[in-house]
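Data first, discussion second: the structure below is written as C-alpha coordinates.
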Protein chains: 2
Amino acid sequence: MPQPIEFYFDFSSPYGYMASTQIDPLAEKYGRTVTWKPFLLGAVFKISGSKPLVDLPMKGDYFLRDFQRSAAYYGVPFKLPPGFPFAPIAASRAFYWLTDRDPELAKRLAKIVYHAGLGIGRDVASIDVIAELAAPLGIKADELRAAVNDQAVKDRLRAEVDAAVARNVFGSPFIFVDGEPFWGADRLPQVEKWLKTGGW
Amino acid sequence: MPQPIEFYFDFSSPYGYMASTQIDPLAEKYGRTVTWKPFLLGAVFKISGSKPLVDLPMKGDYFLRDFQRSAAYYGVPFKLPPGFPFAPIAASRAFYWLTDRDPELAKRLAKIVYHAGLGIGRDVASIDVIAELAAPLGIKADELRAAVNDQAVKDRLRAEVDAAVARNVFGSPFIFVDGEPFWGADRLPQVEKWLKTGGW
(Lines give C-alpha, C1' and ligand atoms only; values in the text may rest on other atoms or scores of the structure.)
Protein backbone atom coordinates (compact mmCIF):
# COMPACT_ATOMS: atom_id res chain seq x y z
CA MET A 1 0.00 0.00 0.00
CA PRO A 2 1.70 3.25 -1.09
CA GLN A 3 1.82 6.23 1.26
CA PRO A 4 -0.92 8.84 0.88
CA ILE A 5 0.05 11.98 -1.03
CA GLU A 6 0.30 14.90 1.43
CA PHE A 7 -1.49 18.04 0.29
CA TYR A 8 -0.63 21.16 2.30
CA PHE A 9 -2.73 24.24 1.66
CA ASP A 10 -3.91 27.52 3.17
CA PHE A 11 -7.65 28.20 2.90
CA SER A 12 -6.92 31.74 1.67
CA SER A 13 -4.54 30.59 -1.11
CA PRO A 14 -5.89 30.86 -4.68
CA TYR A 15 -3.38 28.36 -6.09
CA GLY A 16 -4.11 26.05 -3.15
CA TYR A 17 -7.79 26.23 -4.09
CA MET A 18 -7.02 25.47 -7.74
CA ALA A 19 -4.82 22.49 -6.83
CA SER A 20 -7.49 21.25 -4.41
CA THR A 21 -9.82 20.76 -7.38
CA GLN A 22 -7.22 18.59 -9.16
CA ILE A 23 -5.29 16.60 -6.58
CA ASP A 24 -7.83 13.89 -5.63
CA PRO A 25 -8.74 12.85 -9.19
CA LEU A 26 -5.04 12.92 -10.11
CA ALA A 27 -4.13 10.69 -7.16
CA GLU A 28 -7.00 8.30 -7.86
CA LYS A 29 -5.77 7.87 -11.44
CA TYR A 30 -2.61 6.33 -9.99
CA GLY A 31 -4.29 4.36 -7.20
CA ARG A 32 -3.26 6.81 -4.50
CA THR A 33 -5.07 8.62 -1.70
CA VAL A 34 -4.52 12.18 -0.48
CA THR A 35 -4.18 13.46 3.07
CA TRP A 36 -5.26 17.09 3.22
CA LYS A 37 -3.31 19.33 5.60
CA PRO A 38 -4.40 22.93 6.01
CA PHE A 39 -1.77 25.22 7.49
CA LEU A 40 -1.35 28.96 8.04
CA LEU A 41 0.74 30.84 5.49
CA GLY A 42 0.78 33.83 7.84
CA ALA A 43 2.80 31.81 10.37
CA VAL A 44 5.20 30.69 7.64
CA PHE A 45 5.65 34.23 6.34
CA LYS A 46 6.84 35.29 9.82
CA ILE A 47 9.77 32.93 9.32
CA SER A 48 10.36 33.25 5.57
CA GLY A 49 9.87 37.03 5.53
CA SER A 50 7.53 36.68 2.56
CA LYS A 51 4.11 38.30 2.13
CA PRO A 52 0.79 37.58 0.43
CA LEU A 53 1.35 37.54 -3.36
CA VAL A 54 -0.87 40.54 -4.02
CA ASP A 55 1.17 42.64 -1.58
CA LEU A 56 4.54 41.96 -3.26
CA PRO A 57 6.15 44.93 -5.03
CA MET A 58 5.79 44.78 -8.86
CA LYS A 59 3.86 41.49 -8.60
CA GLY A 60 0.40 42.32 -7.23
CA ASP A 61 -1.33 43.15 -10.51
CA TYR A 62 0.25 40.17 -12.23
CA PHE A 63 -1.07 37.74 -9.64
CA LEU A 64 -4.59 39.20 -9.70
CA ARG A 65 -4.56 38.56 -13.44
CA ASP A 66 -2.91 35.15 -13.18
CA PHE A 67 -5.43 33.98 -10.55
CA GLN A 68 -8.28 34.57 -13.00
CA ARG A 69 -6.43 33.16 -15.98
CA SER A 70 -5.21 30.07 -14.12
CA ALA A 71 -8.65 29.32 -12.68
CA ALA A 72 -10.10 29.46 -16.20
CA TYR A 73 -7.24 27.24 -17.37
CA TYR A 74 -8.23 24.64 -14.75
CA GLY A 75 -11.90 25.17 -15.56
CA VAL A 76 -12.95 26.20 -12.05
CA PRO A 77 -14.94 29.24 -10.86
CA PHE A 78 -12.90 31.97 -9.19
CA LYS A 79 -13.72 35.13 -7.29
CA LEU A 80 -11.73 36.87 -4.57
CA PRO A 81 -13.74 37.77 -1.46
CA PRO A 82 -13.74 41.42 -0.26
CA GLY A 83 -11.36 40.78 2.63
CA PHE A 84 -8.73 38.81 0.67
CA PRO A 85 -6.36 37.51 1.92
CA PHE A 86 -8.58 36.35 4.77
CA ALA A 87 -7.91 34.59 8.09
CA PRO A 88 -8.03 30.81 7.55
CA ILE A 89 -7.88 29.95 11.26
CA ALA A 90 -11.52 29.04 11.91
CA ALA A 91 -11.72 26.85 8.81
CA SER A 92 -8.39 25.18 9.63
CA ARG A 93 -9.36 24.38 13.22
CA ALA A 94 -12.75 23.07 12.10
CA PHE A 95 -10.94 20.86 9.59
CA TYR A 96 -8.60 19.25 12.14
CA TRP A 97 -11.39 18.75 14.66
CA LEU A 98 -13.43 17.01 11.99
CA THR A 99 -10.66 15.00 10.35
CA ASP A 100 -9.95 13.16 13.61
CA ARG A 101 -13.53 11.89 13.52
CA ASP A 102 -14.04 11.50 9.78
CA PRO A 103 -11.29 12.43 7.27
CA GLU A 104 -13.62 12.21 4.26
CA LEU A 105 -16.15 14.53 5.88
CA ALA A 106 -13.36 16.98 6.72
CA LYS A 107 -12.25 16.95 3.09
CA ARG A 108 -15.82 17.61 1.96
CA LEU A 109 -16.01 20.58 4.31
CA ALA A 110 -12.66 21.87 3.01
CA LYS A 111 -13.94 21.72 -0.57
CA ILE A 112 -17.11 23.58 0.39
CA VAL A 113 -15.11 26.27 2.22
CA TYR A 114 -12.69 26.69 -0.71
CA HIS A 115 -15.56 26.95 -3.18
CA ALA A 116 -17.36 29.52 -1.02
CA GLY A 117 -14.26 31.58 -0.24
CA LEU A 118 -12.41 31.58 -3.55
CA GLY A 119 -14.87 30.07 -6.04
CA ILE A 120 -17.69 32.54 -5.39
CA GLY A 121 -15.93 35.15 -3.25
CA ARG A 122 -17.79 34.85 0.04
CA ASP A 123 -16.23 35.97 3.34
CA VAL A 124 -15.38 32.68 5.08
CA ALA A 125 -13.13 34.04 7.84
CA SER A 126 -15.70 33.77 10.64
CA ILE A 127 -16.78 30.69 12.52
CA ASP A 128 -20.41 31.66 11.85
CA VAL A 129 -19.95 31.20 8.12
CA ILE A 130 -17.97 27.98 8.56
CA ALA A 131 -20.80 26.63 10.77
CA GLU A 132 -23.38 27.59 8.16
CA LEU A 133 -21.37 25.87 5.39
CA ALA A 134 -20.92 22.77 7.57
CA ALA A 135 -24.62 22.41 8.46
CA PRO A 136 -25.62 20.55 5.25
CA LEU A 137 -22.97 17.94 6.13
CA GLY A 138 -24.85 17.19 9.36
CA ILE A 139 -22.39 19.05 11.55
CA LYS A 140 -24.04 20.84 14.45
CA ALA A 141 -23.19 24.53 14.71
CA ASP A 142 -22.80 24.54 18.49
CA GLU A 143 -20.42 21.57 18.39
CA LEU A 144 -18.33 23.17 15.67
CA ARG A 145 -18.24 26.46 17.53
CA ALA A 146 -17.14 24.73 20.73
CA ALA A 147 -14.46 22.79 18.85
CA VAL A 148 -12.95 25.90 17.26
CA ASN A 149 -12.61 27.47 20.71
CA ASP A 150 -11.28 24.28 22.32
CA GLN A 151 -7.65 24.58 23.44
CA ALA A 152 -6.89 21.02 22.29
CA VAL A 153 -8.06 21.88 18.76
CA LYS A 154 -6.09 25.13 18.80
CA ASP A 155 -3.02 23.15 19.86
CA ARG A 156 -3.66 20.59 17.16
CA LEU A 157 -3.59 23.26 14.44
CA ARG A 158 -0.53 24.88 15.95
CA ALA A 159 1.29 21.52 15.97
CA GLU A 160 0.37 20.96 12.31
CA VAL A 161 1.68 24.40 11.38
CA ASP A 162 4.91 23.78 13.31
CA ALA A 163 5.32 20.44 11.54
CA ALA A 164 4.76 22.12 8.16
CA VAL A 165 7.37 24.76 8.95
CA ALA A 166 9.80 22.05 10.08
CA ARG A 167 9.41 20.47 6.63
CA ASN A 168 10.04 23.83 4.91
CA VAL A 169 6.49 24.04 3.61
CA PHE A 170 6.94 27.66 2.55
CA GLY A 171 4.00 28.14 0.19
CA SER A 172 0.55 26.88 -0.78
CA PRO A 173 -0.12 24.39 -2.24
CA PHE A 174 2.78 22.20 -1.20
CA ILE A 175 2.60 18.54 -2.13
CA PHE A 176 4.70 15.58 -1.00
CA VAL A 177 4.72 12.42 -3.07
CA ASP A 178 6.67 9.71 -1.22
CA GLY A 179 8.64 12.50 0.47
CA GLU A 180 9.41 14.39 -2.75
CA PRO A 181 8.36 18.08 -2.35
CA PHE A 182 6.44 19.98 -5.03
CA TRP A 183 5.48 23.63 -4.57
CA GLY A 184 2.66 25.24 -6.50
CA ALA A 185 -0.35 24.24 -8.57
CA ASP A 186 1.94 24.61 -11.57
CA ARG A 187 3.93 21.58 -10.41
CA LEU A 188 0.91 19.28 -10.90
CA PRO A 189 2.26 18.04 -14.27
CA GLN A 190 5.49 17.04 -12.51
CA VAL A 191 3.47 15.44 -9.70
CA GLU A 192 1.64 13.41 -12.33
CA LYS A 193 4.87 12.35 -14.04
CA TRP A 194 6.32 11.41 -10.64
CA LEU A 195 3.25 9.28 -9.85
CA LYS A 196 3.46 7.66 -13.26
CA THR A 197 7.21 6.93 -13.24
CA GLY A 198 8.09 6.72 -9.55
CA GLY A 199 10.56 9.57 -9.92
CA TRP A 200 13.51 10.38 -12.15
CA MET B 1 1.29 38.97 -39.43
CA PRO B 2 1.02 38.37 -35.68
CA GLN B 3 3.37 40.13 -33.26
CA PRO B 4 6.46 38.22 -32.14
CA ILE B 5 6.28 36.61 -28.74
CA GLU B 6 8.53 38.54 -26.33
CA PHE B 7 10.81 36.34 -24.25
CA TYR B 8 12.48 38.12 -21.32
CA PHE B 9 15.21 36.23 -19.49
CA ASP B 10 18.28 36.62 -17.30
CA PHE B 11 21.33 34.61 -18.37
CA SER B 12 21.81 33.42 -14.77
CA SER B 13 18.21 32.18 -14.40
CA PRO B 14 17.73 28.38 -14.36
CA TYR B 15 14.04 28.58 -15.26
CA GLY B 16 14.89 31.12 -17.97
CA TYR B 17 17.34 28.60 -19.39
CA MET B 18 14.76 25.82 -19.29
CA ALA B 19 12.13 27.99 -21.01
CA SER B 20 14.72 29.05 -23.62
CA THR B 21 14.91 25.44 -24.78
CA GLN B 22 11.13 25.32 -25.30
CA ILE B 23 9.92 28.71 -26.48
CA ASP B 24 11.06 28.72 -30.13
CA PRO B 25 9.67 25.28 -31.05
CA LEU B 26 6.44 26.15 -29.21
CA ALA B 27 6.08 29.45 -31.09
CA GLU B 28 6.86 27.82 -34.43
CA LYS B 29 4.10 25.27 -33.85
CA TYR B 30 1.65 28.20 -33.92
CA GLY B 31 3.31 30.13 -36.74
CA ARG B 32 4.88 32.67 -34.42
CA THR B 33 8.36 34.08 -33.95
CA VAL B 34 10.10 34.99 -30.71
CA THR B 35 12.05 38.12 -29.82
CA TRP B 36 14.60 37.32 -27.12
CA LYS B 37 15.21 40.05 -24.54
CA PRO B 38 17.87 39.47 -21.91
CA PHE B 39 17.57 41.69 -18.85
CA LEU B 40 19.20 41.91 -15.42
CA LEU B 41 17.29 40.38 -12.52
CA GLY B 42 19.68 42.11 -10.12
CA ALA B 43 18.38 45.50 -11.28
CA VAL B 44 14.79 44.33 -10.87
CA PHE B 45 15.45 42.96 -7.38
CA LYS B 46 16.61 46.43 -6.30
CA ILE B 47 13.07 47.60 -7.00
CA SER B 48 11.05 44.53 -6.01
CA GLY B 49 13.11 43.82 -2.89
CA SER B 50 13.41 40.17 -3.93
CA LYS B 51 16.57 38.06 -4.02
CA PRO B 52 18.00 35.11 -5.95
CA LEU B 53 15.82 32.04 -5.32
CA VAL B 54 18.59 30.08 -3.61
CA ASP B 55 19.09 32.91 -1.10
CA LEU B 56 15.44 33.04 0.03
CA PRO B 57 14.73 31.83 3.60
CA MET B 58 13.22 28.30 3.73
CA LYS B 59 13.31 28.07 -0.08
CA GLY B 60 16.96 27.60 -1.09
CA ASP B 61 17.16 23.81 -0.78
CA TYR B 62 13.82 23.37 -2.50
CA PHE B 63 14.90 25.37 -5.53
CA LEU B 64 18.23 23.53 -5.84
CA ARG B 65 16.21 20.32 -5.97
CA ASP B 66 13.52 21.72 -8.25
CA PHE B 67 16.12 23.04 -10.74
CA GLN B 68 17.45 19.50 -11.24
CA ARG B 69 14.04 17.88 -11.30
CA SER B 70 12.55 20.46 -13.68
CA ALA B 71 15.51 20.25 -16.08
CA ALA B 72 15.05 16.48 -16.22
CA TYR B 73 11.32 17.02 -16.74
CA TYR B 74 12.10 19.19 -19.78
CA GLY B 75 14.78 16.74 -20.89
CA VAL B 76 17.65 19.25 -20.87
CA PRO B 77 21.08 19.02 -19.23
CA PHE B 78 21.54 21.10 -16.09
CA LYS B 79 24.45 21.99 -13.87
CA LEU B 80 24.98 25.10 -11.75
CA PRO B 81 28.35 26.83 -12.22
CA PRO B 82 30.54 27.44 -9.14
CA GLY B 83 29.74 31.16 -8.96
CA PHE B 84 25.96 30.85 -9.26
CA PRO B 85 24.11 33.19 -9.47
CA PHE B 86 26.58 34.85 -11.82
CA ALA B 87 26.79 38.29 -13.43
CA PRO B 88 24.93 38.20 -16.76
CA ILE B 89 26.11 41.65 -17.88
CA ALA B 90 28.79 40.68 -20.43
CA ALA B 91 26.53 38.13 -22.11
CA SER B 92 23.60 40.56 -22.14
CA ARG B 93 25.61 43.38 -23.68
CA ALA B 94 27.09 41.01 -26.27
CA PHE B 95 23.56 39.90 -27.11
CA TYR B 96 22.21 43.41 -27.75
CA TRP B 97 25.26 44.43 -29.74
CA LEU B 98 24.81 41.36 -31.93
CA THR B 99 21.03 41.43 -32.24
CA ASP B 100 21.15 44.83 -33.91
CA ARG B 101 23.26 43.28 -36.65
CA ASP B 102 21.75 39.82 -36.81
CA PRO B 103 18.94 38.74 -34.43
CA GLU B 104 19.23 35.07 -35.36
CA LEU B 105 22.96 35.05 -34.66
CA ALA B 106 22.35 36.75 -31.32
CA LYS B 107 19.83 34.07 -30.43
CA ARG B 108 22.32 31.38 -31.36
CA LEU B 109 24.89 32.98 -29.09
CA ALA B 110 22.34 33.20 -26.27
CA LYS B 111 21.59 29.49 -26.58
CA ILE B 112 25.32 28.67 -26.50
CA VAL B 113 25.84 30.83 -23.41
CA TYR B 114 22.84 29.31 -21.63
CA HIS B 115 24.02 25.79 -22.41
CA ALA B 116 27.55 26.56 -21.21
CA GLY B 117 26.47 28.41 -18.06
CA LEU B 118 23.55 26.34 -16.83
CA GLY B 119 23.62 23.20 -19.01
CA ILE B 120 27.19 22.20 -18.19
CA GLY B 121 28.01 24.58 -15.33
CA ARG B 122 30.78 26.65 -16.84
CA ASP B 123 31.62 30.13 -15.49
CA VAL B 124 30.27 32.47 -18.19
CA ALA B 125 30.43 35.75 -16.29
CA SER B 126 33.54 37.09 -18.01
CA ILE B 127 33.83 38.63 -21.45
CA ASP B 128 36.74 36.27 -22.16
CA VAL B 129 34.49 33.24 -21.94
CA ILE B 130 31.71 34.92 -23.94
CA ALA B 131 34.25 35.75 -26.65
CA GLU B 132 35.48 32.15 -26.70
CA LEU B 133 31.90 30.85 -26.98
CA ALA B 134 31.14 33.35 -29.75
CA ALA B 135 34.20 32.49 -31.86
CA PRO B 136 32.65 29.44 -33.60
CA LEU B 137 29.84 31.75 -34.80
CA GLY B 138 32.43 33.83 -36.68
CA ILE B 139 32.37 36.66 -34.16
CA LYS B 140 35.79 38.24 -33.67
CA ALA B 141 36.93 38.40 -30.04
CA ASP B 142 38.34 41.91 -30.28
CA GLU B 143 35.15 43.27 -31.82
CA LEU B 144 33.04 41.62 -29.15
CA ARG B 145 35.32 42.91 -26.41
CA ALA B 146 35.15 46.44 -27.80
CA ALA B 147 31.36 46.22 -28.07
CA VAL B 148 30.88 45.14 -24.46
CA ASN B 149 32.91 48.15 -23.32
CA ASP B 150 31.17 50.55 -25.71
CA GLN B 151 29.06 53.16 -23.90
CA ALA B 152 26.35 52.92 -26.57
CA VAL B 153 26.00 49.17 -25.94
CA LYS B 154 25.99 49.71 -22.18
CA ASP B 155 23.24 52.28 -22.64
CA ARG B 156 21.31 49.92 -24.89
CA LEU B 157 21.23 47.23 -22.20
CA ARG B 158 20.32 49.76 -19.54
CA ALA B 159 17.42 51.01 -21.67
CA GLU B 160 16.20 47.44 -22.18
CA VAL B 161 16.33 46.77 -18.43
CA ASP B 162 14.45 50.03 -17.73
CA ALA B 163 11.82 49.06 -20.28
CA ALA B 164 11.47 45.63 -18.68
CA VAL B 165 11.04 47.19 -15.24
CA ALA B 166 8.46 49.61 -16.65
CA ARG B 167 6.47 46.58 -17.83
CA ASN B 168 6.72 44.94 -14.39
CA VAL B 169 8.95 42.15 -15.68
CA PHE B 170 9.76 40.99 -12.16
CA GLY B 171 11.15 37.52 -12.85
CA SER B 172 12.77 35.26 -15.39
CA PRO B 173 11.51 33.94 -17.72
CA PHE B 174 8.76 36.46 -18.46
CA ILE B 175 6.82 35.98 -21.66
CA PHE B 176 4.38 38.30 -23.44
CA VAL B 177 1.98 36.87 -26.00
CA ASP B 178 0.10 39.72 -27.69
CA GLY B 179 0.63 41.77 -24.53
CA GLU B 180 -0.57 39.04 -22.14
CA PRO B 181 2.08 38.48 -19.41
CA PHE B 182 3.19 35.00 -18.31
CA TRP B 183 5.80 34.54 -15.57
CA GLY B 184 7.81 31.35 -15.22
CA ALA B 185 8.72 28.27 -17.24
CA ASP B 186 5.76 26.62 -15.53
CA ARG B 187 3.39 28.92 -17.43
CA LEU B 188 4.42 27.40 -20.79
CA PRO B 189 1.30 25.18 -20.89
CA GLN B 190 -0.83 28.33 -20.48
CA VAL B 191 1.28 30.09 -23.14
CA GLU B 192 0.54 27.19 -25.48
CA LYS B 193 -3.19 27.27 -24.75
CA TRP B 194 -3.17 31.05 -25.29
CA LEU B 195 -1.43 30.62 -28.66
CA LYS B 196 -3.91 27.90 -29.63
CA THR B 197 -7.08 29.70 -28.56
CA GLY B 198 -6.18 33.39 -28.76
CA GLY B 199 -6.92 33.82 -25.04
CA TRP B 200 -9.83 33.07 -22.76
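Just so it is clear: chains get the letters A, B, ... in the order the sequence lines come, proteins before strands, and each one is counted from 1. Every heavy atom of this structure was used, including side-chain atoms; hydrogens, water molecules and symmetry mates were not.
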Query - same_hphob_cluster(A:Leu137, A:Phe11) at 4.5 Å side-chain heavy-atom cutoff - result: yes
Query raised in the report: So how far is it from B:Ile47 CD1 to A:Met58 CE, rounded to the nearest 0.5 Å?
Result: 5.5 Å
Report task. Answer yes or no on whether B:Arg69 is positioned over the face of A:Phe182, meaning its NZ or CZ is under 6.0 Å from the six-membered ring centre and within 45° of the axis. Result -> yes
Query raised in the report: So with a 6.0 Å cut-off around CG of B:Asp150, is the heavy-atom count from everything else above 12?
Result: yes
Query raised in the report: Among the clusters formed by ILVMFWY side chains lying less than 4.5 Å apart, do A:Phe176 and A:Tyr30 turn up in the same one?
Result: yes
Query raised in the report: Considering only heavy atoms, which portion of A:Phe45 lies under 4.5 Å from any heavy atom of chain B: side chain, backbone, both, or neither?
Result: neither
Requested in this report: Heavy-atom distances under 4.5 Å only: say whether B:Trp183 touches chain A with side chain, backbone, both or neither.
Outcome: both
Requested in this report: Measure distances from B:Val165 to the heavy atoms of chain A and classify the residue's part below 4.5 Å as side chain, backbone, both or neither.
Outcome: both
Query raised in the report: Got a second to check how far B:Arg187's CZ is from A:Tyr73's OH, nearest 0.5 Å?
Result: 9.5 Å
Query raised in the report: Is A:Arg108 atom CZ crowded by more than 12 heavy atoms from other residues, nucleotides or ligands, each under 6.0 Å away?
Result: no
Query - Spacing of OH belonging to A:Tyr62 relative to CZ belonging to B:Phe174, to within rounding of 0.5 Å - result: 6.0 Å
Requested in this report: Kindly check if the number of other-residue, nucleotide or ligand heavy atoms within 6.0 Å of CG (A:Asp61) is above 12?
Outcome: no
Query raised in the report: Is it the side chain or the backbone of B:Phe63 that comes within 4.5 Å of chain A heavy atoms, both, or neither?
Result: side chain
Query raised in the report: For the residue pair B:Lys193 and A:Ala72, what are the closest heavy atoms and their distance?
Result: NZ-O, 4.3 Å
Report summary line: Note: A:Ser48 and B:Pro57 closest approach over all heavy atoms is O-CG, 3.3 Å
Requested in this report: Return the option, out of B:Gly171, B:Pro189, B:Gly184, with the maximum number of heavy-atom pairs under 4.5 Å with chain A.
Outcome: B:Pro189
Query raised in the report: Which region of B:Ser50, side chain (C-beta onward) or backbone (N, CA, C, O), has a non-hydrogen atom less than 4.5 Å from a non-hydrogen atom of chain A, or is it both or neither?
Result: side chain
Query raised in the report: So what's closer than 4.5 Å to chain B heavy atoms on A:Lys59: side chain, backbone, both or neither?
Result: both
Query raised in the report: Does any heavy atom of chain A fall under 4.5 Å from the side chain of B:Asn168, the backbone, both, or neither of them?
Result: both
Report task. Mark yes when over 12 heavy atoms from residues, nucleotides or ligands other than A:Glu28 sit less than 6.0 Å from its CD; otherwise mark no. Result -> no
